[in-house]
Amino acid sequence: MRMLLIRHGQTPSNVLGILDTAAPGAALSALGQRQAQAVPAALEGERVAGIYVSGLVRTHLTAEPLAAATGLVPRVHEGLNEIAAGALETRSDPEAVHAYVGCAERWARGDLDVTLPGGESGHEFRHRYEQALRAVALNHPDDATVVVVSHGAAIRVYAAMAVAHDRAAVEDRSLNNTGMVTLAGHLDRGFAVLDWVEHPIGGAHLVGDTEHDVTADPDAVPEGVHA
């Protein structure tokens with residue numbers, strides 16, 4: 001199976017560097033709407049068998065243009081939600097960003113015991129994300145291509161977990177809004193990363209302001225703070 005893991009479009013929280021991981025979450029910015037509108041043309045050559053979204057409103061809004069173009073109805077799996085910020089939710093100060101990004105990066109390197117205050121452990125994240133992808137896979141034949149609209153940190157970290165044999169090749173990759181990671185394989189036999197598009201799949205001209213985009217890139221940590 002091929003899974004096209006697409007990060008949602010830009011939100012005001014991404015621009016301001018706010019940890020925004022709880023439902024319903026922020027809606028799309030004007031740029032985020034344009035990013036979402038560009039997704040169908042970018043995937044025009046794909047035979048998409050299904051569209052899946054997280055429980056946060058920004059993934060639903062990102063999937064709407066593709067759903068309209070394909071006639072597919074997006075299905076919701078809350079297991080595809082962003083890595084929970086816990087007690088750090090809605091904060092944007094350097095200490096909170098350092099803790100969140102540092103935790104995610106440690107998970108990506110295999111240290112799954114780390115837990116944010118009021119949040120989840122790496123084991124819990126991996127279990128719920130894999131359960132969601134397993135539910136997706138059960139709805140389609142093995143040769144299907146599906147679109148999963150999810151979140152920056154969640155996609156980056158899960159991709160690193162899924163290809164642990166070659167984690168160094170992916171763990172420092174960024175993922176801007178409507179960037180896409182293509183996984184191919186089987187949940188029980190393992191995945192390979194076929195492609196990693198860091199910029200919006202509609203084109204690099206849609207990148208916008210990423211200076212404080214906390215979940216896009218480890219380098220988004222504020223100056224002077226090291227994860």
Side-chain angles (χ1 to χ4, degrees), residues 5-32 35 54-59 62 80-126 128-129 149-161 167-179 181 196-200 204 206-227:
L5 305 183
I6 300 176
R7 188 185 175 202
H8 60 80
Q10 186 196 70
T11 71
S13 297
N14 297 147
V15 177
L16 297 173
I18 296 171
L19 292 169
D20 176 14
T21 69
L28 300 182
S29 65
L31 175 59
Q35 291 169 336
S54 78
L56 280 69
V57 67
R58 54 190 179 267
T59 63
T62 302
L80 299 171
N81 285 5
E82 181 59 290
I83 293 171
L88 306 178
E89 186 72 12
T90 73
R91 288 175 57 179
S92 60
D93 56 280
E95 292 77 15
V97 172
H98 165 69
Y100 185 87
V101 174
C103 178
E105 295 311 304
R106 287 177 68 179
W107 291 358
R109 297 185 181 106
D111 186 359
L112 305 187
D113 293 330
V114 182
T115 304
L116 287 170
E120 57 193 336
S121 72
H123 299 286
E124 292 167 329
F125 165 73
R126 181 168 189 166
R128 57 100 163 165
Y129 210 85
V149 185
S150 186
H151 302 268
I155 294 173
R156 288 192 303 104
V157 171
Y158 182 73
M161 292 175 171
R167 185 180 293 125
V170 302
E171 65 183 4
D172 292 326
R173 300 291 298 271
S174 63
L175 190 68
N176 293 309
N177 295 109
T178 62
V181 175
W196 191 303
V197 182
E198 296 185 348
H199 294 315
L206 293 170
V207 171
D209 181 5
T210 62
E211 182 180 359
H212 302 293
D213 191 351
V214 174
T215 58
D217 188 338
D219 292 335
V221 177
E223 185 177 353
V225 178
H226 304 284

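Because the structure is predicted, anything quoted here is derived from the model rather than measured. Positions are given from 1 along the sequence.
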Criterion side-chain contact (heavy atoms from CB on, under 4.5 Å) on Val181 and Leu175, from CA distance to verdict: CA-CA 8 Å; Val181 175; Leu175 190 68; 4.0 Å; yes

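- Evaluation of the ring-ring contact (aromatic ring centres under 6.0 Å, His included) rule for Tyr129 yields Phe125, Tyr158 as partners, not counting sequence neighbours.
- In this structure, Glu198 contributes its side chain and Arg173 its backbone to no donor-acceptor pair below 3.5 Å.
- Distance CD1/Ile18 to OG/Ser13: 4.5 Å, rounded to 0.5 Å.
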Report the C-alpha separation of His212 and Ser92 in whole Å, then their side-chain angles, then the decisive distance to 0.1 Å, and conclude whether the side-chain hydrogen bond (donor to acceptor under 3.5 Å, both in side chains) test is met. CA-CA 9 Å; His212 302 293; Ser92 60; over 6 Å; no

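- A distance of 5.5 Å separates CG of Asn14 from OG1 of Thr215, quoted to the nearest 0.5 Å.
- With sequence neighbours excluded, no residue forms a salt bridge (Lys or Arg N to Asp or Glu O under 4.0 Å) with Asp209.
- A salt bridge links Glu105 with Arg156: the distance from a Lys NZ or Arg NE/NH1/NH2 to an Asp or Glu carboxylate oxygen falls below 4.0 Å.
- Here the side chain of Gln10 pairs no donor or acceptor atom with the backbone of Gln35 at under 3.5 angstrom.
- Listed here is the closest heavy atom pair of Ala23 and Gly55: CB-O, 4.2 Å.
- With Glu120 contributing its side chain and Ala84 its backbone, the two residues share a donor-acceptor pair below 3.5 Å.
- When all heavy atoms of Trp196 and Ala159 are compared, the closest pair comes out as CZ3-CB, 3.8 Å.
- Taken from NE2 in His199 to OG1 in Thr210, the straight-line distance is 8.5 Å, to the nearest 0.5 Å.
- Not a single donor-acceptor pair under 3.5 Å links the side chain of Arg106 to the backbone N or O of Val114.
- When Thr21, Thr59, Leu5, Ile83 are each tested for a side-chain contact (heavy atoms from CB on, under 4.5 Å) with His151, only one passes: Thr59.
- Of all non-hydrogen atoms in Asn176 and Ala216, the two that sit nearest each other are OD1-CB, 4.2 Å.
- Not a single side chain to side chain donor-acceptor pair (under 3.5 Å) links Thr62 to another residue, sequence neighbours left out.
- Listed by chain and number, the residues in a side chain to side chain contact (heavy atoms under 4.5 Å, CB included) with Ala96 are Leu19, Leu88, Arg91, Asp93 (sequence neighbours excluded).
- Shown here are the side chain to side chain contact (heavy atoms under 4.5 Å, CB included) partners of Ser121, two or more places apart in sequence or in another chain: Thr115, His123, Glu124.
- Not one N or O on the side chain of Ser150 forms a donor-acceptor pair closer than 3.5 Å with the backbone of Ile155.
- The stretch residues 7-31 participates, sequence neighbours left out, in these salt bridge (charged side-chain N to carboxylate O under 4.0 Å, His left out) pairs: Arg7-Asp213, Asp20-Arg58.
- Within the 4.5 Å cutoff, the side chain of His8 has no heavy atoms near those of the Thr178 side chain.
- Contact between Ala104 and Val157 at its shortest, heavy atoms only, is O-CG2, 3.5 Å.
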